[in-house]
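These notes concern the structure reproduced below.
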Amino acid sequence: MGLITAAFNYYLQKKYSPLNNYLTNTTFARPLLQRVFFSAVLLIFIYYYFSHLFISQVGLNPILFQEIDPAYWLLMILKIPQLIAGNTIIAIFFDLILVISAVISFIKPSQSVSVKIFFVFYFLYYMLFNLLSGHHYVNIGILVTAFPFMFSRNEKFAFLFACSRYYFLFIFTSAALWKLWRGSLFHNGQIVTLLQQKKLLATISGDTSLRFQIDLFLLIHKEFALVAWIIMGVLELSFIIGFFSYKYDKILVANYILFLTGSFLIVGIVNIENLLMLMTLFPIIKMINKVNRKLVLVKTT
Amino acid sequence: MSKFGGKIGGKKKKMFLTKVKERSPGLFWFLIAFCFFQAVFTLIKLEVTPFFLFGMFSEKVNVPDTVTIYRQKLNGNLLNQKDINKWEWNILTTTIENYDAQLSNNKIDVVDKRIRNKYPGIYYSSIFSSVKKNITNDSSSVNKYPDWYKQKIRQYTSENITNIEVLKENYKVGFNNSSFQLLSSKKILSIE
């Protein structure tokens with residue numbers, strides 16, 4: 001049966017359109033996709049632990065950063081931060097549920113109950129962390145990629161995984177369009193301001209790292225800073241192509257890695273959670289499905 | 001299995017949404033509603049999680065001629081970015097910034113003023129008035145902050161820190177961004 005499935009899967013890949021191929025690959029690779037996703041989540045959780053990022057480790061910051069976002073207001077009205085972060089035992093339980101639900105989702109990829117629990121708790125975690133840490137970080141990679149796994153029906157899962165891909169494309173396309181709309185894509189104000197602050201902090205602390213040398217070079221040669229800024233904007237804009245075709249996803253994987261490298265070197269921002277959204281691009285799905293096919297073949301023989 | 005593959009696949013090329021509408025009408029309308037709310041909130045520039053605005057440093061800013069930073073001194077020694085984890089550094093500096101903003105605003109939450117200026121319709125509504133107390137930080141939040149900050153410093157450095165000072169410093173940027181001249185320094189937090 002496994003051999004037939006693998007052969008049929010291969011046949012579909014050769015015969016149908018990229019969208020159909022994407023949906024089919026996603027469907028067949030689902031259990032392995034879930035395992036890969038939750039193993040990455042668990043690795044991120046290890047990083048959280050050592051960086052003191054779990055709610056029980058952050059604790060109840062008395063000055064909550066709600067900003068103008070009614071969703072955060074709702075949490076404050078319901079006194080959720082005080083209830084969870086304000087009580088060490090409840091906070092530890094909260095973190096444990098988060099980790100355990102991820103572990104179960106990894107061990108048992110054929111069910112979705114633990115994923116639903118994980119999603120609800122991670123959504124709460126995401127909002128609580130932003131309230132307590134003093135900034136609204138958009139580390140939404142885990143949320144965007146986990147959402148489809150909540151649905152046990154294969155067809156719905158495949159469609160939602162494609163939706164997560166579209167959302168990933170939307171994030172970058174939208175960022176580029178905002179820059180074009182506001183006229184900041186060809187303006188070096190943002191990048192020079194960021195670099196100035198970084199340089200001052202580095203000077204004070206006696207930093208001589210490679211990153212500091214790059215910052216210094218860009219600050220002195222503002223024309224290069226502007227070129228780097230424009231390249232980053234163009235990389236963001238390139239994601240628009242994914243709305244029209246699945247054929248160029250390979251290029252988008254490369255562009256994302258380039259963007260991430262630039263973001264790390266220039267702005268100093270790397271969201272490891274957002275790396276998970278790469279899973280929604282076609283080459284990664286194909287790669288996972290290929291491994292899945294091999295595993296099926298090994299099992300049958 | 002083949003039946004399912006045939007259903008979801010098919011030789012005829014169709015747009016994604018058309019396919020979703022045919023196969024899963026409930027999901028189709030969910031997607032339409034999501035896109036609608038995303039478009040509305042984008043137009044009014046209001047972020048309501050999960051409808052995010054991905055501006056990503058898109059605001060047009062002019063290069064300033066001064067830079068403000070917060071320097072944290074622990075037992076008289078300067079805390080450097082490389083001394084602690086990136087996230088720990090971010091948490092310390094952003095929360096200090098928020099503390100300073102509220103302190104400078106007579107301990108009144110700065111968000112209160114921002115909502116009033118940006119969305120007067122929401123601010124003066126009866127619903128908002130009734131919940132305002134619950135969604136803004138008050139002077140007691142500001143008073144409690146130093147204890148939490150001290151706890152974080154001890155947790156991040158794993159050292160017995162007895163004396164903490166946070167200075168807000170303003171620097172003038174020199175020619176070609178190559179030098180910085182200290183203009184002012186103000187102690188905003190002191191914990192013994």
Side-chain angles (χ1 to χ4, degrees), chain A residues 5 8 12 16-17 19-20 23-24 27 51-53 58-73 76-77 127 133-135 138 140 154-156 158-160 162-163 171 174-175 178-179 182-184 187-190 192-193 196-197 199-201 203-205 207 219-220, chain B residues 1-2 4-5 8-11 13 16 20 23-24 27 31 46-49 52 54-64 67 69 71 80-82 85 87-88 90-91 94-95 98-99 102 111 114-115 118-119 131 134-135 137 141-142 144-145 148 151 155-156 171 173 176-178 180:
Chain A
T5 307
F8 179 70
L12 282 176
Y16 296 118
S17 71
L19 170 61
N20 293 333
L23 297 171
T24 314
T27 308
S51 304
H52 304 111
L53 299 180
V58 179
L60 184 60
N61 176 0
I63 302 176
L64 297 169
F65 189 75
Q66 75 290 55
E67 259 299 323
I68 309 178
D69 184 333
Y72 288 92
W73 300 353
M76 286 176 77
I77 291 166
M127 294 194 73
S133 66
H135 186 77
V138 195
I140 53 168
N154 276 339
E155 190 178 40
K156 199 169 249 179
F159 282 139
L160 280 167
C163 289
I171 293 172
S174 161
W178 273 108
K179 287 186 184 86
R182 288 171 156 174
S184 60
H187 192 259
N188 68 4
Q190 280 281 5
V192 173
T193 308
Q196 274 180 347
Q197 194 143 25
K199 195 215 163 185
L200 178 56
L201 285 167
T203 309
I204 289 169
S205 62
D207 188 356
L219 261 177
I220 294 169
Chain B
M1 187 65 81
S2 63
F4 173 72
I8 200 169
K11 282 182 193 173
K13 284 188 180 177
F16 177 69
V20 176
R23 304 290 314 140
S24 186
L27 178 60
L31 293 177
L46 176 66
E47 194 161 79
V48 185
T49 305
F52 300 100
F54 298 102
M56 292 194 200
F57 305 105
S58 62
E59 210 169 323
K60 199 172 180 179
V61 293
N62 291 319
V63 179
V67 180
I69 56 160
R71 292 181 80 175
N80 288 318
Q81 201 166 351
K82 57 187 176 187
N85 177 290
W87 275 105
E88 294 166 349
N90 285 350
I91 289 175
T94 51
T95 58
N98 299 338
Y99 168 75
Q102 199 168 326
V111 166
R114 278 218 283 277
I115 302 168
K118 207 172 171 188
Y119 302 100
V131 297
N134 296 316
I135 62 165
N137 297 294
S141 313
V142 178
K144 284 177 197 164
Y145 176 79
W148 180 82
Q151 198 192 325
Q155 184 184 15
Y156 297 161
Y171 289 82
V173 183
N176 233 354
N177 298 302
S178 53
F180 297 93

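Letters A, B, ... are given to chains in the order of the sequence lines, protein chains preceding strands, and every chain is numbered from 1.
Looking at every heavy atom in both residues, A:Trp178 comes nearest to B:Phe54 through CD1-O, 3.4 Å. In plain terms, the two heavy atoms of B:Val67 and A:Gln197 that are nearest each other are CG1-CA, 4.0 Å. Between A:Lys156 and B:Ser24 the shortest heavy-atom distance is CE-OG, 3.7 Å. A:Lys179 and B:Gly55 get closest at one heavy-atom pair: NZ-O, 4.1 Å. The shortest non-hydrogen separation linking B:Ser58 to A:Gln190 is N-NE2, 4.2 Å. Among all heavy-atom pairs drawn from A:Leu64 and B:Asn137, the shortest one is O-ND2, 2.7 Å.
Within the 4.5 Å cutoff, the side chain of B:Ile91 has heavy atoms near those of the A:Leu53 side chain. Taking the side chain as every heavy atom from C-beta outward, B:Trp87 and A:His52 never approach each other to under 4.5 Å. For the pair B:Asn62 and A:His187, the minimum side-chain heavy-atom distance is below 4.5 Å. Looking at A:Leu60 and B:Trp148, their side chains never come closer than 4.5 Å, going by heavy atoms from C-beta outward. Looking at B:Phe16 and A:Cys163, their side chains come closer than 4.5 Å, going by heavy atoms from C-beta outward. Side-chain contact between A:Gln196 and B:Pro64 is present, with heavy atoms from C-beta onward closer than 4.5 Å. No side-chain heavy atom of B:Val48 sits less than 4.5 Å from a side-chain heavy atom of A:Tyr72. Under the 4.5 Å side-chain criterion, counting only non-hydrogen atoms from C-beta, A:Ile68 is not in contact with B:Glu47.
Using a 4.5 Å cut-off between heavy atoms, B:Tyr145 touches chain A through backbone and side chain atoms alike. Looking at B:Lys144, both its backbone and its side chain come within 4.5 Å of chain A, counting heavy atoms on both sides. Contact annotation for A:Ile77: both backbone and side-chain heavy atoms come within less than 4.5 Å of a heavy atom of chain B.
Using modelled atom types and a 3.5 Å distance limit, the side chains of B:Asn85 and A:Ser51 yield a donor-acceptor pair.
Here A:Ile171 contributes atom CD1 and B:Met56 contributes atom CE; the two are 6.0 Å apart, rounded to the nearest 0.5 Å. Summarising the geometry, atom OG1 belonging to B:Thr95 is positioned 11.0 Å from atom CZ belonging to A:Phe65; distances are rounded to the nearest 0.5 Å. Distance check: A:Arg182 CZ to B:Glu59 CD gives 5.0 Å after rounding to the nearest 0.5 Å. If you take CE on A:Met76 and CG on B:Asn134, they are separated by 8.0 Å, rounding to the nearest 0.5 Å. Of the inter-residue distances, the one linking A:Leu160 atom CG with B:Leu27 atom CG reads 5.0 Å to the nearest 0.5 angstrom. Interatomic distance, A:Phe159 CZ to B:Leu31 CG, rounded to the nearest 0.5 Å: 10.0 Å.
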Review point. After noting the C-alpha distance and the side-chain angles of A:Ile204 and B:Tyr171, does the key distance pass the side chain to side chain contact (heavy atoms under 4.5 Å, CB included) rule?
Key: CA-CA 12 Å; A:Ile204 289 169; B:Tyr171 289 82; 3.8 Å; yes

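Looking only at heavy-atom pairs under 4.5 Å with chain A, the residue among B:Thr49, B:Ile69, B:Val63 that has the most is B:Thr49.
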